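Here is the structure we will look at, set down as C-alpha cells.
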Amino acid sequence: MTEYIKLNFTYDFGRVLDRLSMDPLISLNKGERYVLVTTGERKVHKVQATGTTESPTFLIEGTTNEQQLQTIKEIFHFNRSLEPIHAHFAHTNLASLFEEHRGTPIIREFSLYATLMKSIIHQQLNLSFAHTLTTRFVHTFGEQIEGVWFYPQPEVIGQLQVEHLRELQFSTRKAEYVIGVSQAIASGELNLEALAQRDDETITQTLVKYRGIGPWTAGSFLLFGLGRPNLFPLADIGLQNALKKLWATPDKPKAEEIAAHFPDWSPYLSYASLYLWRSIE
DNA sequence: GGCCAGGTGATGG
DNA sequence: CCATCACATGGC
C-alpha cells in the first residue's frame with residue numbers, strides 16, 4: 001500500500017539524497033526524488049518526495065503494516081521536528097553552520113546489523129576503498145531482492161572463514177571482527193533489537209565487549225543505527241578536521257577543547273556532529 | 001614514496 | 001590507567 005506523509009517542519013530531501021548517494025549500495029533517483037529502502041525485514045520500500053523543502057510531503061510504498069511505516073519514519077527523521085534543534089543552535093557558535101545546512105535530518109542506516117558491519121569495515125580506511133570493500137561484502141554474501149542489494153544475514157557471515165573475507169581484501173583482523181560479531185548475533189547472544197531499547201551508556205558497554213567494536217563504532221551505532229540525538233565521537237578524525245576548518249586553527253583541536261562546548265551543544269550533540277561532517281564533504 | 005584514512009586490540013610501563 | 005604500536009591496503 002502507499003502512505004502519504006506531510007511534515008510541518010523544514011526538511012531538505014535533496015540533501016538527504018545527496019548524502020545517501022554517497023553509499024554505492026543504495027538505489028535512488030535524484031531526478032524523480034526517491035530512494036529504495038532495504039530494511040532488516042528484507043523488504044523494499046520506495047520513499048519519494050512530492051513536496052518542497054518548506055512544505056515537505058512524501059509517498060511511501062511497500063509498507064504492509066504500521067510497524068514498517070514507523071521504521072521508515074524513524075529512518076528518515078519524519079517523526080521528530082528539526083525546528084527545536086535549529087532554535088537551539090541559533091544562539092551557539094555553530095549558528096552559521098546550522099543555518100547553512102537547515103533542514104538536514106539524521107538519516108539512520110537501514111538495518112542495525114548493517115550499521116555494525118559497515119562501521120567495522122570502514123574503520124581506518126579511506127572512504128573510496130571502504131566502499132569498495134563494503135560493496136564486495138554485500139555482493140558476495142548478500143542477497144538481491146527486487147533488483148536491490150541487501151546486506152547478508154549474520155548467520156551467513158558467522159559461518160565464514162577468515163580466508164573468505166581475505167579474498168575480498170579484508171585484513172585478517174577486520175575479517176575476524178566481522179565474523180565474530182556476526183556469530184554473536186546469529187547465536188542470539190547479542191540481540192541488537194533488544195539492545196536498542198537500552199540507554200546510550202548500556203549499549204556502549206555491551207557493544208565494546210566484542211572484538212572490533214571500540215568507542216568509535218559504538219558511537220556510530222548509536223548515532224547512525226539508532227538516531228540517538230546526543231552523541232559526539234571525539235575520536236573521529238573527520239570531526240576534528242571539520243572544527244579545524246570552522247575555527248581556522250593551524251592544528252586539529254584537542255578532545256578537551258572540543259568537549260568544552262558540549263554544554264552549549266547538548267542535548268543535540270549528534271546534530272553538531274552531523275552538520276560538521278557535512279561541512280567537509 | 002610517504003602519509004593518511006569516519007580505529008582497535010595488544011603490549012609495556 | 002595511559003601512551004605507543006602493529007595491523008592492511010588503497011588513495012592521493
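From a predicted model like this one, the values you see are computed outputs, not experimental measurements. Here is the naming used below: chain letters follow the sequence lines, and residue numbers restart at 1 for every chain.
- Within the structure, a side-chain polar atom (N or O) of A:Thr172 is placed less than 4.0 Å from OP1 or OP2 of C:dA8.
- Taking atom P on both nucleotides, B:dC3 is separated from C:dA6 by 14 Å, rounded to a whole Å.
- Across all strands shown, B:dG12 forms a Watson-Crick or G-U wobble pair, both distances under 3.5 Å, with C:dC2.
- Heavy atoms of A:Phe224 sit under 4.0 angstrom from at least one base atom.
- Between A:Arg278 and A:Glu100 there is no salt bridge, since no side-chain N of the basic residue sits under 4.0 Å from a carboxylate O of the acidic one.
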With side-chain contact (heavy atoms from CB on, under 4.5 Å) as the criterion, how do A:Tyr11 and A:Phe76 come out once you've worked through the C-alpha distance, each side chain's angles and the decisive distance to 0.1 Å?
CA-CA 10 Å; A:Tyr11 184 107; A:Phe76 285 91; 3.7 Å; yes
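- Toward the 5′ end of DNA chain B lies the nearest nucleotide of A:Arg19, the other residue of the pair A:Lys209 and A:Arg19 mapping further downstream.
- Where A:Phe129 and A:Arg173 each meet DNA chain C at their nearest nucleotide, the meeting point lying more 5' is that of A:Arg173.
- Not one N or O on the side chain of A:Asp12 forms a donor-acceptor pair closer than 3.5 Å with the backbone of A:Thr104.
- Salt bridge A:Arg173/A:Glu176: absent, no basic N to carboxylate O contact under 4.0 Å.
- Here A:Thr217 lies in heavy-atom contact (under 4.0 Å) with sugar-phosphate atoms only.
- A:Arg278 contributes no side-chain N or O that forms a donor-acceptor pair with the base of B:dG6 under 3.5 Å.
- Within the nucleic acid shown, A:Gln123 comes within 4.0 Å of sugar-phosphate atoms alone, with no base atom in reach, counting heavy atoms only.
- Both tests pass for A:Lys46 against the ring of A:Tyr34: distance under 6.0 Å to the centre and angle within 45° of the axis.
- Between the P atoms of C:dA8 and B:dT11, the separation comes to 15 Å (whole Å).
- Where A:Lys252 and A:Ala218 meet DNA chain B, the nucleotide closest to each residue was compared, and A:Lys252 sits on the side nearer the 5' end.
- The separation between A:Leu243 atom CG and B:dG6 atom P is 15 Å, rounded to whole Å.
- Heavy atoms of A:Leu127 sit under 4.0 angstrom from at least one base atom.
- Remark: C:dG11 base-pairs with B:dC3; criterion is Watson-Crick or G-U wobble with both hydrogen-bond distances under 3.5 Å.
- Here the separation of C:dA3 from B:dG6, taken at their C1' atoms, is 23 Å to the nearest Å.
- Closest to the A:Asn241 side chain, of the nucleotides C:dA8, B:dT8, B:dA5, is B:dA5.
- The nucleotide whose nearest atom lies closest to any side-chain atom of A:Gln169 is, among C:dG10, B:dG6, B:dG9, C:dG10.
- Nucleic acid contact class of A:Pro233 (heavy atoms, under 4.0 Å, all strands): none.
- For the P atoms, the distance linking C:dG11 with B:dT8 amounts to 23 Å, nearest Å.
- Between A:Arg211 and B:dA10 there is a side-chain N or O to OP1 or OP2 distance below 4.0 Å.
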